[in-house]
Structure formats: C-alpha cells, structure tokens
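Numbers here simply count residues along the sequence, with the first being 1. Side-chain atoms are counted along with the backbone in the values below, which use heavy atoms only and exclude waters and symmetry mates.
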Amino acid sequence: MSNSNNAEPLSWLNKFRIKLIIKSHWFILLIGLYFAFVLNCSFWRFVFNNIEITNFVVFALSLPFFIFVPLYVFLNLIVVPYIAKPILIFFILTSSVTNYWMYNLGVYIDTDMVRNAFETNTREAFDLITFSGLVWVLITGIIPAMLIATTKIKHQPLVKEITKRSACILLSLLVIGGFAAISYKEYASFSRNNREIRKIINTVNYTYSTVRYFQLQALADRTFKRLDENALLVPFEDPHIAVLVIVLGETARAKNFSLYGYERETNPLLKKQDIIHFDEVASCGTVTAVSVPCMFSHMTRMNFNVADAKYTENLLDILQTAGYKILWRDNDDGCKAVCKRVEVQHMVKINNPKYCKDMYCHDEALLDDLPEILDNIKENTVIVLHTMGSHGPTYFNRYPDNFRKFRPTCDTADIQNCTREQVVNTYDNTILYTDYIVSSVIDMLKKHPEYEAGLIYVSDHGESLGENNVYLHGFPYKLAPKEQTQVPMILWMNETMKRWDYVDYDCMRKEAAQNTYTHDNLFHSIIGLLEVKTHTYDREYDIFKNCRTKELFSPP
C-alpha cells in the first residue's frame, strides 16, 4: 500500500521533468551564437552607430563571423565532459552582468574597471543592484545557466568527435580568413578609428582585463619605498601653527558647479566666500581606485603605476616625516592605501545617528566634531576629509531632504530609467550639499585667525549623466568625455596664511583663471605651501610658484 502511494507522486513529477538532450556540435553552435549575439548587445549597438565603411555589405556580412568564430573555436576546445558546464555557467553569468552594465550604463570594461570592481565594498556593490538589473541577469544569465546545468550533452566516440570538431574549426577559420582577405582595409580602418571596441566585446574584454590586472599586481615591486627620509619643515619665520584641510571630493564634475558658469545656482554659499576656483583642472583617472592614489603621489599621470603606488610613500608620508600631524577622516569607501600609515577615522564605524543610517552617512558626519578638533590643535596639522560627495548611481542618498531643491528627482539606482531632467536634478542636489559642506569647513577655519589656515577642495574624477547614453564614470581615460575628467578645484586661505606664506591672492586668482592644471599639481603645490623641503618637490608643478612675494627655499 505504501509503495503504490509513493509511486504515484513520483510518476506525476516525471511528467513535468524537463529532459534536454543535445548533441555536442549543436550545443557548441547554439552557445556560441548566444554569446556572440545575445550577450553582446552593447557591441552590436556600437557597430550600428559607428559603421562608416564604403564596402558596407561585405563588412556587415563578415563582422558576425569575426565575433562568433573565436568563441566557437574556444567552445570546441572546452566542451568536454566534467569541465564544460562549470566554465560555461561562470562565463554566462558574468557576461550577463557585464552585458547589462555596458548596454544600460555605457560602461567599458578595461583593467581600471576591473581594479575598481575588485576594490569595491559591500556598500558600493549594493548600490549597483537594481530591479531591472536583476531581471536582466535572471533572463539572460540565470535561466540559461540552469538550462546548461540540466542539459545532457551527447558526445560521439572520441576519434569521431575530435575529427568533426577539427573540421568545424578549420572551416570556420577558412571562412574568416577569406573575409579578412577581402575586407582587410575596412577592418583596419574601423579598428583604427574605434580602438575602444575591444573593451565592449563581451567575455573577451573582462577576461583579458582581469588577467592583465593580476599580471600588473604580480609585477608590482612589493618592497616599500621611502621617498625622502630627510624631508624637513623649513618654514618662513612666523609664530603660527599651519592647518590645512584637504576636502577630497567624490564624483564631482566641474560642469555642474555654478562657480564655473553652470546656469543653476549650485554654489550659493561658496560664491560668498573669498575663494579661488581653478577654471580648468583634469583628473588623473576616471575611477577612485586610480585617481586618489595618483593625486597624492609624486608621480605624474603619465608615469603613475597604481600597483607600485601601494608600496611607495605619498604626500601624507612626506608631510608626516617633516613633522606634520595627519588625520584622515573617511566617509567614502576607503583611501585606496593612501592613508595606510596615518591616523584614520571612519564615519561609518563611528556611526553618528544624526547623519548615519545602515551603511551610509551624509557628509555632515565629517563636520560634527571638527570644531573641537580645530580648537585643540597644538602642532602643524593636515586634515583630509574624504567625502561621499556625488557618488552614483544612488545620488538621492547623498544629501538630506532639506537639500532636495531641484525636482523632480531620480530616487532609484536605475538611473537609466529616469528622465535626463530627474538624473541631473538629483546630481545637482549633491553638488548643492557639497557646497554647504565645503563652505561650512571654511567658516570653521575662519574662527581661528591664530592659525595659518587654508583649504583645498578637489574632486577625484567627474561623472557622466546620460550624455550620449553614458552614465557614471570609469571610461578609459583616452576616450573619456570631459564630464568624467574635468573636476573642480577650490582654494581658500585666511589672512594669516596669505601674509606669512607670502602668497599674492590676487595673483593666484589670475593664475587660476588663465592656466590649466591637473592632479599632478597637487603633491608639489601642497609641499610648497606647507614649506617642506624635500628632493621630491618639483617647482614646475607648484601652482603658487608665480605668486609668492618671497622666495621659497631652494630645492636641495
């Protein structure tokens, strides 16, 4: 009795059990087509928008083969019992995610983007998880992966299988060889004019970039390098303690600062301060993992190596060696090893309930006890405030409700589904809040005329807000739009610092309006401003060099 009762539900389940059996050569063909076309939406959109080929018909007919055949050859090599399914499931899930990012956010996958992914944290990762993204990955990644897992791949006898696959590979290579012979000039022209295209060919882009990332990590010199053990504070003769606050912006682009001519009033407080804004400043990178280490490095962008920078002293180390007390207050996602050897305070760990909720703190958390810190300074001090700033895509989480001035806003991480007006409104509210933060720090410093007090604000990189269907940041630097590389930089000095550092402020205002600068200037300008004598200082990069009324010490 019990046996018959158990058999009935089992037979009922068997009726609905999906049994997929497919021959290996058809399986390879279908998977290859899926990777080449479904998981390469961004690539095909790019091709459609950028084709300028005279012999269009031949090029258009042959291009799918050039994408499909390498995948097809690779699949013929790996689709063997026991190893094929785990490898394919990994690639199909990963490619589904990258396909979503590239198609919907205009992201390009290169080594810097891979580095950013490896160095992100839980908070940043959750910001990128959206409902539309989950649906996309479910349909194009998870379901196909489940089908692969439950499909039985039928192989022929070994010799016959190898023979057939070899013939298929040879035929495929002959086809693309023929197309290459006919359309070589068109392909050369297209690749030469669109060098970025390899960064959106899915699976190839992130596979190559990941290998390259680990290769660079392995090649890094792990021996820690001291830059100058004899860095020395050689101040002009005066009785004042020097206090410099560096406000490190996040994802702020100069284009949306009213100080730079933006039509909206996003800097109502800073415009009332006696500040200098530098009209044209280029970032060192388009991702935080590159820009932050680079701007504190003595190296220029052209010779900067982010892997080596982790094992090399930076600006903060030099200042600390010279006798400055350094305090790094962080409300972003870490200092990328820049603050590794100085005192650090993390706002999320402090978790002030007035400004913090869950994994996020508004940037006012950085200011809460700053007056007390300034009141009790007894020695030359540099304070770095690493802000959350305008970090996307959840711009709406970056400011409190009373700064929700520009409406309607985009209150979701799915920014590509908001209108352009909503995205820009929300982003502009973050700039309005940054204006308040920076101006508040200046007001605090004004209360201490006994210090040589100054402030420098500079953002790590900019942001795309949907221009040409590109969002966020991280574009390859050579291809990046100005929105991602042009950043704001602001200087404020109290009268004590102007006088005793012999800086002609009016001269600086003119210099800031007439010249172009980059993150390369930051290291040397701060070294000079804080009167530190070191062989790492290069006067040519010092933004103050033409506006000192008294000569700084001569470099050793």
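- The minimum heavy-atom distance linking G285 with H461 is given by the pair O-CB, 3.5 Å.
- Comment: R407 does not engage D428 in a salt bridge, judged by the lack of any side-chain N to carboxylate O separation of less than 4.0 angstrom.
- Aromatic ring centres of Y399 and Y427: separated by at least 6.0 Å.
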Exercise for review: Please step through side chain to side chain contact (heavy atoms under 4.5 Å, CB included) for the pair F257 and Y262, ending with a clear verdict.
Suggested key: CA-CA 6 Å; F257 274 58; Y262 187 49; 5.7 Å; no
Point to revise | Stepwise salt bridge (charged side-chain N to carboxylate O under 4.0 Å, His left out) check, D228 with K533 | key: CA-CA 10 Å; D228 189 353; K533 191 171 185 179; over 6 Å; no
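- Taking both residues in full, the closest heavy atoms of A231 and V532 are given as CB-CG1, 4.2 Å, listed atom of the first, atom of the second, then distance.
- Taking the six-membered ring for Trp, H277 and Y260 have ring centres closer than 6.0 Å.
- Pairs passing the salt bridge (Lys or Arg N to Asp or Glu O under 4.0 Å) check and including a residue from residues 242-254, sequence neighbours excluded, read R253-E467.
- Counting only heavy atoms from C-beta outward, the side chains of L315 and S297 never approach each other to under 4.5 Å.
- The existence of a salt bridge linking R341 and E313 is excluded, since no basic side-chain nitrogen approaches an acidic carboxylate oxygen closer than 4.0 Å.
- Ring orientation note: the planes of Y502 and W500 are nearly perpendicular, at an angle over 60° on the 30°/60° scale.
- Ring planes of F403 and Y436: tilted class, angle from 30 to 60°.
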